[in-house]
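Encoded as structure tokens, the structure appears first; notes follow it.
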Amino acid sequence: MKLSLYKLNPQQRKAAKIVDGPLLVLSGAGTGKTTTVVNRIAYMISRGVKSEEILAVTFTNKAAREMSERVKKMIGRSAKSMQVSTFHSLGLRILRENHKLLGYRRNFTIYDTADQLSVVRKALRTISAAWKKYKPDEVLYALNRLRMPHNEALDLKYENEFDGAVYSSVWEKYRATLRNNNAVDYEDLLVQPLRILKKYPEILNSYQEKFKYIIVDEYQDTNAVQFEIIKLLANKYKNICVVGDDDQSIYGWRGAEVKNILDFDKHFKKASVIRLEENYRSTGIILKAANAVIAGNKDRKAKKLWTRMGDGNRINFFAAADEMTEAEYVVTQIITHQIENKMSYGSYAILMRMNTQARQFEELLRAHRIPYVVVGGMQFYDRKEIRDFMSYLKVLSNHEDEESLLRIINVPRRGIGDSTLKIMSEHANLKKCGLYESLATLNESSDIKPKTLFELNKFYVLIEDARKRLKRESIAMVARNLWAEIEYQRELEATFSDPKKIAERMANIDALIDGIQYYENRDRKPTLEGYLRQVSLMEEDDDEEFQKGKVVVMTIHSAKGLEFRNVFFVGVEQGIIPHTKSLETSYGEAEERRLFYVAVTRAKQELTISYSKMRTKFGQRIERLPSMFINEIPDNLLEPTDGIYQEVADDEVTEDLLSRFGAMFSE
DNA sequence: CGCCAATTATTTTTT
DNA sequence: ATAATTGGCG
């Protein structure tokens with residue numbers, strides 16, 4: 001294979017050619033990090049490294065997909081068996097391959113944050129001292145922090161006695177519940193594999209042999225557990241290449257430790273260090289603004305990003321009257337810009353600090369019939385009807401999952417309330433079986449009314465039937481059938497008078513089942529468990545093709561690693577970025593500044609920063625101020641478009657709108 | 001046990 | 001503003 005590293009600059013080339021031994025690539029935003037990594041992989045393979053010996057780890061599925069696609073594009077089939085995965089899917093894989101060692105049964109369920117919260121809430125309720133005083137989400141957050149890195153007794157040395165006692169009590173209950181339910185949470189997906197690797201040297205050795213070459217992307221975002229996993233895996237051959245940028249560390253709230261990247265050369269002796277500082281992405285002005293803001297952070301590796309590109313346009317700065325005006329401005333700008341420059345809609349991105357900000361933009365984009373995608377936000381799977389039905393599927397897959405069982409046993413209403421559940425649970429304890437099995441053994445001798453007993457039995461048969469059908473029918477078919485059988489629609493009709501709302505929810509379920517179908521069609525060996533796993537890790541294909549030609553709406557966190565010609569950075573207000581909540585922590589301000597930095601450096605050519613002077617929050621109109629970070633940008637880089645924006649109603653736009661209308665009817 | 005009205009929290013970011 | 005949760009009553 002002929003390889004053309006000549007396209008790389010000297011530093012990039014140097015990095016690409018270091019195949020053996022530890023290597024740290026410090027790469028600033030837009031310095032061709034992925035290009036370098038992809039070329040490096042190609043080079044490795046050309047030098048005889050087998051693709052199946054390469055493991056590349058990223059943080060998001062998006063990044064994983066991008067990397068494997070670019071490698072495929074460059075060297076085609078010879079990269080086929082390269083392993084590109086996120087930390088969590090890597091952890092899941094190790095855990096699945098060795099689940100028995102830690103006492104998990106096959107088909108364990110992955111609990112998401114909502115499931116975790118529900119377990120914490122129940123645990124809190126059993127502690128009288130904790131009643132009302134502790135918020136479940138705060139306790140969960142504390143637990144996740146205190147349980148790391150080893151998942152054993154909590155590290156309470158910095159907590160006061162009272163909190164500590166509550167935390168550890170909740171923690172014990174939490175752990176017991178997950179164990180009992182044959183469930184793991186996201187943290188387990190990292191911690192449990194680590195335990196396996198530590199405890200079983202022969203297993204560790206087999207992974208070390210399997211993955212002789214390791215690449216870690218966004219290394220600045222690794223936490224203590226991820227660091228230990230990587231260190232163990234790389235310990236034998238020491239062919240470890242990490243890539244990252246301390247200025248883009250934005251996961252401190254998830255336990256990421258910037259010191260992992262800052263101390264890399266201490267952890268891995270004789271590491272080569274290469275800096276990539278030439279930026280190929282953004283114009284001079286965008287870079288200057290980004291540099292000015294990030295300079296406000298202390299304790300960072302000095303970096304001087306530079307570009308050969310010219311200054312470019314100034315940053316458009318727009319102060320909107322309120323959030324609706326802001327959205328109108330942005331969408332109108334996109335429309336006019338698109339018409340004037342005939343650019344694909346795919347070159348526009350609307351970036352924001354939080355998912356909830358997406359709403360107005362989404363509405364307006366839809367109203368103007370502009371193709372768009374909203375990335376992430378999980379909203380779909382958070383909808384009640386979706387969660388309900390997913391719980392049915394989870395029970396189908398793992399009947400020990402009592403969290404899901406309890407959620408659905410009376411949804412739709414079957415007349416099974418707290419008292420019945422209490423009897424059931426006593427019965428289950430007596431028989432030393434799970435709640436689900438107790439359904440099969442309950443009989444008239446208990447104090448349950450015949451009517452209720454009948455319903456319980458009906459429910460049991462319903463699930464068992466579906467489970468049997470799963471062996472011969474397609475998952476989508478079983479799901480569709482199950483959905484019809486539970487008559488959820490009746491429940492909806494009882495709760496909502498508005499037929500639109502009912503139709504909407506039914507449509508959501510249709511979409512879910514279509515999603516199952518889609519999964520089944522494209523997976524080589526589809527299983528219900530596989531589907532649930534994919535959803536839990538958010539591994540669905542919102543791939544390149546799907547996003548092509550569409551305006552992308554997303555959070556800064558999901559935008560990391562991506563670039564767009566035109567970026568609209570919206571809602572840039574004090575309280576949103578930096579977010580009020582984040583300022584409560586010691587690292588908060590610095591991390592918010594890095595977030596701002598990440599947002600700005602996504603833009604290649606044109607950047608608009610906007611905010612709203614008024615915003616509705618919890619039904620209240622509130623005055624807002626621009627983000628403090630805007631003051632850190634030198635004035636001469638900004639082009640203010642203050643006040644009321646001009647109505648852009650020139651002929652072209654009208655014409656365009658008319659043609660859209662035409663398209664609407666011809667559909 | 002189910003229904004309704006009153007009360008309360010919701011908005012940080014992802015796997 | 002809205003959705004979810006809680007408490008009291010039939």
Side-chain angles (χ1 to χ4, degrees), chain A residues 57-64 85-92 110-118 121 125 132 135-138 141 144 184-190 218 221 223 225-226 249-256 351-359 375-379 381-384 387 410-422 448-449 451-452 455 491 494-496 501 533-540 554-560 571 573 575-585 588 591-592 594-596 598-599 615-622:
Chain A
V57 191
T58 62
F59 273 81
T60 60
N61 299 302
K62 219 172 195 6
S85 62
T86 63
F87 268 105
H88 287 85
S89 54
L90 173 68
L92 176 60
I110 302 170
Y111 277 4
D112 65 15
T113 314
D115 299 321
Q116 290 183 287
L117 274 176
S118 156
R121 205 173 290 128
R125 260 193 278 239
K132 285 265 168 167
K135 290 184 183 164
D137 57 332
E138 279 164 16
Y141 184 78
N144 283 342
V184 298
D185 58 26
Y186 289 129
E187 281 69 28
D188 283 327
L189 288 181
L190 303 173
E218 308 282 10
D221 287 327
N223 66 24
V225 183
Q226 291 160 333
S249 161
I250 54 178
Y251 285 95
W253 52 275
R254 206 167 72 177
L351 303 184
M352 51 205 62
R353 175 68 234 271
M354 5 179 220
N355 293 118
T356 44
Q357 293 173 263
R359 194 135 145 222
V375 174
M378 265 295 271
Q379 351 43 356
Y381 292 97
D382 278 341
R383 299 194 169 131
K384 189 180 175 298
R387 284 203 84 90
N410 200 31
V411 175
R413 302 243 160 82
R414 301 187 171 90
I416 300 163
D418 287 342
S419 45
T420 307
L421 283 173
K422 201 159 164 246
I448 301 176
K449 277 182 286 185
K451 166 92 173 58
T452 316
E455 288 293 339
E491 181 85 356
T495 21
F496 302 103
K501 277 196 174 161
R533 266 199 307 275
Q534 188 194 270
V535 171
S536 295
L537 293 185
M538 296 202 270
E539 276 173 352
E540 306 137 281
M554 63 182 161
T555 63
I556 305 169
H557 283 88
S558 356
K560 193 164 72 154
E573 290 152 37
I576 292 182
I577 181 163
H579 196 280
T580 322
K581 272 267 161 86
S582 77
L583 294 181
E584 288 165 11
T585 64
E591 184 153 309
E592 296 287 304
R594 290 193 291 266
L595 262 175
F596 191 100
V598 169
R615 191 175 284 274
T616 313
K617 202 183 174 192
F618 304 146
Q620 223 83 44
R621 303 280 291 160
I622 298 179

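Naming: A, B, ... by sequence-line order, numbering from 1 per chain. Please read these numbers as outputs of a predicted model, since none were measured by experiment. These values consider heavy atoms only, across backbone and side chains, with no hydrogens, waters or symmetry-generated copies.
Whole-Å rounding puts the A:K135 NZ to C:dT5 P distance at 16 Å. Distance, A:D382 CG to B:dT15 P: 13 Å, rounded to whole Å. Computed from coordinates, the A:L595 CG to B:dT14 P distance equals 10 Å when rounded to whole Å. We find that CD1 of A:I577 is positioned 14 Å from P of B:dT12, with the value rounded to whole Å. In this entry the distance linking CD of A:Q620 with P of B:dT10 reads 17 Å, nearest Å. Computed from coordinates, the A:E591 CD to B:dT14 P distance equals 12 Å when rounded to whole Å. The distance from atom CG of A:D185 to atom P of B:dT15 is 16 Å, rounded to the nearest whole Å. Nucleotide C:dT6 holds its P atom 11 Å from the CG atom of A:D418, rounded to whole Å.
A:Q116 has its side chain within reach of A:N144: a pair of non-hydrogen atoms, C-beta onward, lies under 4.5 Å apart. Between A:R414 and A:T452 the shortest side-chain heavy-atom distance does not fall below 4.5 Å.
Among B:dT14, B:dT15, B:dC1, the nucleotide with an atom closest to any side-chain atom of A:N355 is B:dT14. The side chain of A:F618 sits closest to B:dT11 out of B:dT14, B:dG2, B:dT11. The side chain of A:L537 lies closest to B:dT15, out of B:dT12, B:dT15, B:dG2. Picking from B:dT15, B:dT13, B:dC1 the nucleotide with the shortest atom distance to the side chain of A:R254 gives B:dT15. For A:T86, the side-chain atoms get nearest to B:dT15 when compared with the rest of B:dT12, B:dT15, B:dC1. Listed nucleotides B:dC1, B:dT15, B:dT13 differ in distance to A:H557; the shortest reach to its side chain belongs to B:dT13. Taking every side-chain heavy atom of A:D137 into account, B:dT10 is the closest of B:dC3, B:dT10, B:dT15. Side-chain proximity of A:Y186 to B:dT12, B:dT15, B:dC1: nearest is B:dT15. The nucleotide whose nearest atom lies closest to any side-chain atom of A:R353 is, among B:dT12, B:dT14, C:dT6, B:dT12. Among B:dT13, B:dT10, C:dT5, the nucleotide with an atom closest to any side-chain atom of A:R121 is C:dT5.
At least one donor-acceptor pair under 3.5 Å links the side chain of A:Q357 to the backbone N or O of A:M354. Looking at A:N410, its side chain does come within 3.5 Å of a backbone N or O of A:I416 through a donor-acceptor pair.
A:S419 comes within 4.0 angstrom of sugar-phosphate atoms only, judged by non-hydrogen atoms across all strands, and of no base. Within the 4.0 angstrom heavy-atom criterion, no nucleotide atom of any strand lies near A:F87. Residue-level contact check: A:T420 touches the backbone only, with heavy atoms under 4.0 Å from sugar-phosphate atoms and none from bases. A:T452 comes within 4.0 angstrom of no nucleic acid atom, judged by non-hydrogen atoms across all strands. A:S536 comes within 4.0 angstrom of nothing in the nucleic acid, heavy atoms only.
For the pair A:E592 and A:F59, both in contact range of DNA chain B, the more 5′-proximal nearest nucleotide belongs to A:E592.
Ring-to-base geometry does not place A:Y251 in a stacked arrangement with B:dT14 (centre distance under 5.5 Å, plane angle under 30° required).
Put simply, A:N223 has no side-chain N or O that comes within less than 4.0 Å of OP1 or OP2 on B:dT15. Using a 4.0 Å cut-off, no side-chain N or O of A:R125 falls inside it from OP1 or OP2 of C:dT5. Contact annotation: A:S582 does not reach the phosphate of B:dT13 (side-chain N/O to OP1 or OP2, under 4.0 Å). Of the side-chain N and O atoms in A:T580, none sit less than 4.0 angstrom from OP1 or OP2 of B:dT11. Considering only side-chain N and O atoms, A:S558 lies under 4.0 angstrom from the phosphate OP1 or OP2 of B:dT14. Neither OP1 nor OP2 of B:dT15 sits under 4.0 Å from any side-chain N or O of A:H88.
Interface remark: the A:T356 side chain does not form any donor-acceptor pair with the B:dT10 base, using a distance-only criterion of under 3.5 Å.
Paired with A:H88 under the rule side-chain contact (heavy atoms from CB on, under 4.5 Å), one option of A:N61, A:L189, A:I110 passes, and it is A:L189.
With sequence neighbours left out, A:F59 forms a ring-ring contact (aromatic ring centres under 6.0 Å, His included) with A:F87. The side-chain hydrogen bond (donor to acceptor under 3.5 Å, both in side chains) test applied to A:T555 returns A:S558, not counting sequence neighbours.
Remark: the separation of the C1' atoms in C:dT2 and B:dT13 is 23 Å, to the nearest Å.
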